[in-house]
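Everything below concerns the one structure shown next.
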Amino acid sequence: MTALTPWLFLAAPLALLLMFTFLPVADMIGYSFTDWDGISPSRSFVGGENYTDLVTRPARFEVFLVSGFYLVASFLQIAIALYFATVLSFNTRFRNLFKGLLFFPYLINGVAVGFVFLYFFQPDGTLDTLLRLIGAEGEHLWLGDPDLANPSLAGVSVWRFMGLNMVLFLGAIQSIPPHLYEAAELDGANRWQQFRHIIAPSIKPIISLSFILAVSGSLAVFEIPYIMTGGANGTETFVIQTVKLAFQFDKVGLASASAVVLLLLILLITWVQRRLFPEERVELS
């Protein structure tokens, strides 16, 4: 009975994981080998035809170029989060207030964020008004100009997710023993030297994890561009394209194959990153 006790506690979460994760993934893989339209009760097995369609149409993968904007924004986001986490880990006035303010955007629903920034980026809207205060005149089509749309949307992602990375970094920094800082101060180390020789090496596993999440997240962007532009003006991502295939063109089989390809790409990139940057155990003493 004692050996079964842990499994009794795990039964409910494992059942939920099986029901809402593994079974839907198995169904998705099954649909990817059919021509199902999402409505008809019958569907025909087409083998690898959907995957062949994806591979033979390079245009379907051109949308990954859009992910490059979010990838660059993710690296910027990590740098900003690391800066704020480091500053707020020291004795800073009102640091708890700043922690709350910086983390708050992550708590807001993605759809609400999209609608808020939809008005923020309106021509002659909030952003143009703020720019005029510093002498930048004129109206800008922040979401209508293909040269501005993707950087604008990527900037929204930075604003929304920076707080999450900051909290991860802050938690890791606060686990560093205080006596290491005291020894560094006795040796005359300034804040930059403390960050370089104590903080950065100590939280290296969390930084590596953030980079993995940044790459996978940039490939699977959906909410912000879908709500704000619907994929127009060159802002369509791979996930938006997949959703359109399923619900706009009634090609659920092809969309399922597209989703399987995205899943495999993310797993492959994660594996490569793990191989290039293996997890290191950090000893803090």
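Everything numeric in this text was worked out from a predicted model, so none of it was measured. Both backbone and side-chain heavy atoms feed into the values below; hydrogens, waters and symmetry mates do not.
Crowding of Phe115 atom CZ: a count of heavy atoms from other residues, nucleotides or ligands under 6.0 Å not exceeding 12. Counted within 6.0 Å of OH on Tyr106, heavy atoms from surrounding residues, nucleotides or ligands total 12 or fewer; the atom is thus considered open.
Side-chain contact between Phe22 and Leu17 is present, with at least one heavy-atom pair separated by less than 4.5 Å. Contact check for Ile203 versus Leu82: side-chain heavy atoms found under the 4.5 Å cut-off. The closest side-chain heavy-atom distance from Met162 to Phe84 is below 4.5 Å.
No single ILVMFWY cluster, assembled from side-chain heavy atoms under 4.5 Å apart, contains both Phe20 and Val260.
Classification of the Tyr51-Phe33 ring pair by plane angle, with boundaries at 30° and 60°, yields tilted. Ring planes of Tyr226 and Phe222: parallel class, angle under 30° (limits at 30 and 60°).
Cation-pi geometry between Arg43 and Tyr31 is not satisfied (NZ or CZ under 6.0 Å from the ring centre, within 45° of the ring normal).
To the nearest 0.5 angstrom, Leu213 atom CG is 10.0 Å from Ile206 atom CD1.
Although no hydrogens or angles enter the test, the distance criterion places no donor-acceptor pair under 3.5 Å between the side chain of Ser258 and the main chain of Leu254.
Taking a cutoff of 4.0 Å between a charged side-chain nitrogen and a carboxylate oxygen, Asp124 and Arg132 qualify as a salt bridge.
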